[in-house]
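Single-structure report; data block below.
Just so we're on the same page: letters track the sequence lines, and every chain starts at 1. The model shown is predicted, which means the values in this text are computed figures rather than measured ones.
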Amino acid sequence: MKNEKAVIAAAGVIIGLIASMLVFFGNPVNMGFCIACFLRDTSGALGLHTAAAVQYIRPEIIGLVLGACAISLATKEFRPRGGSAPVTRFILGVFVMIGCLMFLGCPFRMILRLAGGDGNAIFGFVGFALGILAGVAFLKKGYTLKRSYKMPSLEGQLYPFMQIVFLVLLVAAPAFIHFSEAGAGPGALHASIVISLAAGLIVGALAQRTRLCMVGGIRDAVLFREWKLLLGFLAILISALAVNLILSAATGTSYFNPGFAGQPVAHTDGLWNGLGMFLTGFGCVLLGGCPLRQLILAGEGNTDSAVTVLGLMVGAAFAHNFGLASSAEGPTANGKIAVLIGIAVVAVIAVCNTRKKADA
Amino acid sequence: MKRIDARGLSCPEPVIMTKNALASKESSYEVLVDNIAAKENVSRFARHQGYQVQVEENGDDYLLRIEK
């Protein structure tokens, strides 16, 4: 048991280090990793939305999935499974993304924003924790999306295989794939393909081994007084913060800027930062894991998680096509309405899948 | 002896089912899960509650024998 905790703490330290170094190598500030932002950029590159500032096939995503896939094949944990309410999971994925893009980051980036001194992420964190508590209340009452079942091998392999296709498209860069032009916005800011891919592979492998999950930390602490996953969360925060301070001292450019106004790829509307992450936390508990964990599970052959990730990507497309995503200027009216609808939809899904006596 | 079939359920449902079952204070339980994460999580939880856990591989599944 002690050993397990030491391993996840060490993995968290390495992941925090890699996340901060990705910014040094060219990723947007406080965005070494952001599963929501990176899936959104990939959706844009594929032309699912046309927001010119956020279009790029992010190699980190490819690496995370393939890293988890490779490790799970090596440890014989790769198991094609699926069939546990896929449409419900898809819709949860769509609204989790809408919550993330209200806040401007997934739970992973929320940690990195805190580590970069972005005070707005504190409001996000409060909303996130409350959203997790809402989900936990339903879990305690017997919420379930029912069982998954064995699937054909190919079914489990298709999502990892798609990542190889995306990698080919990234490298070949055919004219129908959209990449943000230099200076156009966050989509144009990225480390080199090799560095990003390697970072994704390492973090994917570590996350697979440790079952790292950003919602799992608070959820398990509340449900079972089990602190393992929360320890991983904290280790990333402390490590990224430490590396940001070291980088600031070493390079003369500040990687740690405490405050609220003018934070990179962020806005200062505390209420909507909180509500966006409330939706994300609530939805993720109902899904059984944060966006990062969904990617890792998809890499292990879990097709319910693959469907969830496709929901996240479509949610990102909706968010930009319908003007739901926030910007540095703040949230949009459409985005606020979408988040409120999202909270209502997630609550209905929670109620309809909860029974006093679970007879799954 | 109580038997719990938690195969195919998402995290953390297998642990919640185990937790609810352990409340009945029987001397032994069997929990059936189908993935390593659930196996680890249920085992860890039961050990924290002071039970002993033996794991048996059962085809694609894992049978956890939980005893005081």
- Message: One pair to check against side-chain contact (heavy atoms from CB on, under 4.5 Å): B/E30 and B/I4. What are the steps and the verdict?
- Response: CA-CA 6 Å; B/E30 284 185 354; B/I4 299 154; over 6 Å; no

- Note on the structure: Heaviest contributor of heavy-atom pairs below 4.5 Å to chain A, chosen from B/S10, B/P12, B/C11, B/A6, is B/P12

- Hey, could you give me the OG1/CD1 distance between A/T308 and A/I91, rounded to the nearest 0.5 Å? 11.5 Å

- Query: Between atom OG1 of A/T144 and atom CG of A/L286, what is the distance when rounded to the nearest 0.5 Å?
  - Reply: 11.0 Å

- Task: Heavy-atom distances under 4.5 Å only: say whether A/R225 touches chain B with side chain, backbone, both or neither.
- Result: neither

- Message: Between B/K19 (side chain only) and A/L223 (backbone N and O only), is there a donor and an acceptor less than 3.5 Å apart?
- Response: yes

- Query: Is chain A contacted by the side chain of B/N41, its backbone, both, or neither, given a heavy-atom distance below 4.5 Å?
  - Reply: neither

- Message: Under 6.0 Å from the ring centre and within 45 degrees of the ring axis: does the NZ or CZ of B/K2 meet both conditions for the six-membered ring of B/Y29?
- Response: no

- Item | chain B contact via A/R89 - which portion, at a heavy-atom distance below 4.5 Å | side chain

- Query: Side chain, backbone, both or neither: which part of B/N20 has an atom under 4.5 Å from a heavy atom of chain A?
  - Reply: neither

- B/Q49 portion near chain A, given a 4.5 angstrom heavy-atom threshold: neither

- Tell me, side chain or backbone of A/L145 under 4.5 Å from chain B's heavy atoms, or both, or neither? backbone

- Given that the side chain runs from C-beta out, which part of A/D220 has a heavy atom under 4.5 Å from chain B: side chain, backbone, both or neither? side chain

- Counting distance only, does the side-chain N/O of A/Q294 pair as donor-acceptor with the main-chain N or O of A/G289 below 3.5 Å? yes

